[in-house]
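One is the number of the first residue; the rest follow in order along the sequence.
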Amino acid sequence: IDPETGAGTVIDDLVDGATAYESIAGLAFRGSTLYGLVADGSRSGGNDNELVTIDTVTAEVTPIGNHDFGGGSWEGNGIAWAPNGVLYVATYDTDNILGTITPATGVIATIDVFTQNSSTSDTVRAINFIGNVLYGIEMDRAGGASLVTIDTVTAETTEVGALPANVQAMTYAP
């Protein structure tokens, strides 16, 4: 996407060989490597909640670890790299947790269930670091959204302020 005009260019379909990926929930660069989080493997030919890399030239998807690190009905929703190189994940649905992912294996470690403290607390949709502070978007089922900070030790959220309805993604441009 051209940041000046908003014009997008399609590279190609996201595929792993011949298998199409339809549902990548979170994206995050680490250097020149683009990581993605598959939100619904049943629609994407892979496992639910699996970590992948995406070739930005060919759109080829490479699963990391080839396993479902989730369970039950929870789905990954956002990933973000901390300045110290730790990859964080926010999940939603019944589990609604903050965790970390080992990038070499795709294995998740749960930090805790989100303790939500905003008027729109239901799920954390997107996460992103600004410096050492983890920010997120909390959203309720009616589409209300709030910007929150997230404690990376306790998974407690603190509301910063209200956002327009249905905001579900974010990034930071220094």
Please check: side-chain N/O of [X] versus main-chain N/O of [Y], any donor-acceptor pairing under 3.5 Å?
X: T105; Y: V107; answer: yes
X: D140; Y: G144; answer: yes
X: T154; Y: E156; answer: yes

In the single-linkage hydrophobic clustering (I, L, V, M, F, W, Y; side-chain heavy atoms under 4.5 Å), do [X] and [Y] co-cluster?
X: W81; Y: I108; answer: yes
X: V113; Y: V89; answer: yes
X: I24; Y: V15; answer: no
X: V61; Y: L27; answer: yes
X: V148; Y: I111; answer: yes

From [X] atom [atom1] to [Y] atom [atom2], the distance as rounded to the nearest 0.5 Å:
X: T9; Y: I1; atom1: OG1; atom2: CD1; result: 9.0 Å
X: R125; Y: E138; atom1: CZ; atom2: CD; result: 11.5 Å
X: T62; Y: D55; atom1: OG1; atom2: CG; result: 7.5 Å
X: E60; Y: D16; atom1: CD; atom2: CG; result: 6.0 Å
X: I127; Y: T152; atom1: CD1; atom2: OG1; result: 10.5 Å
X: N128; Y: M170; atom1: CG; atom2: CE; result: 5.0 Å

Evaluation steps, side chain to side chain contact (heavy atoms under 4.5 Å, CB included), between T157 and T149: CA-CA 5 Å; T157 66; T149 58; over 6 Å; no
Contact check, side chains of Y35 and I64, non-hydrogen atoms, under 4.5 Å: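 In short, these two side chains touch, coming nearer than 4.5 Å.
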Non-neighbouring partners of F129 that pass ring-ring contact (aromatic ring centres under 6.0 Å, His included), sequence neighbours left out: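 With neighbours one apart ignored, the set is Y88.
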All side-chain contact (heavy atoms from CB on, under 4.5 Å) counterparts of S32, not counting sequence neighbours: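 Result, side-chain contact (heavy atoms from CB on, under 4.5 Å) vs S32: none returned.
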Contact summary for [X] and [Y], nearest pair of heavy atoms:
X: A126; Y: A169; result: CB-CA, 3.9 Å
X: F114; Y: I97; result: CE1-O, 3.1 Å
X: I137; Y: A145; result: CG2-CB, 4.2 Å
X: L98; Y: A155; result: CB-CB, 3.9 Å
X: A82; Y: R30; result: O-NH1, 3.9 Å
X: I11; Y: V57; result: CG2-O, 3.1 Å

Whether over 12 other heavy atoms sit under 6.0 Å from D2 CG: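 Buried by this count: over 12 neighbours within 6.0 Å.
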V52 and I54: CA distance, side-chain angles, deciding distance, side chain to side chain contact (heavy atoms under 4.5 Å, CB included) verdict: CA-CA 7 Å; V52 298; I54 302 166; 4.2 Å; yes
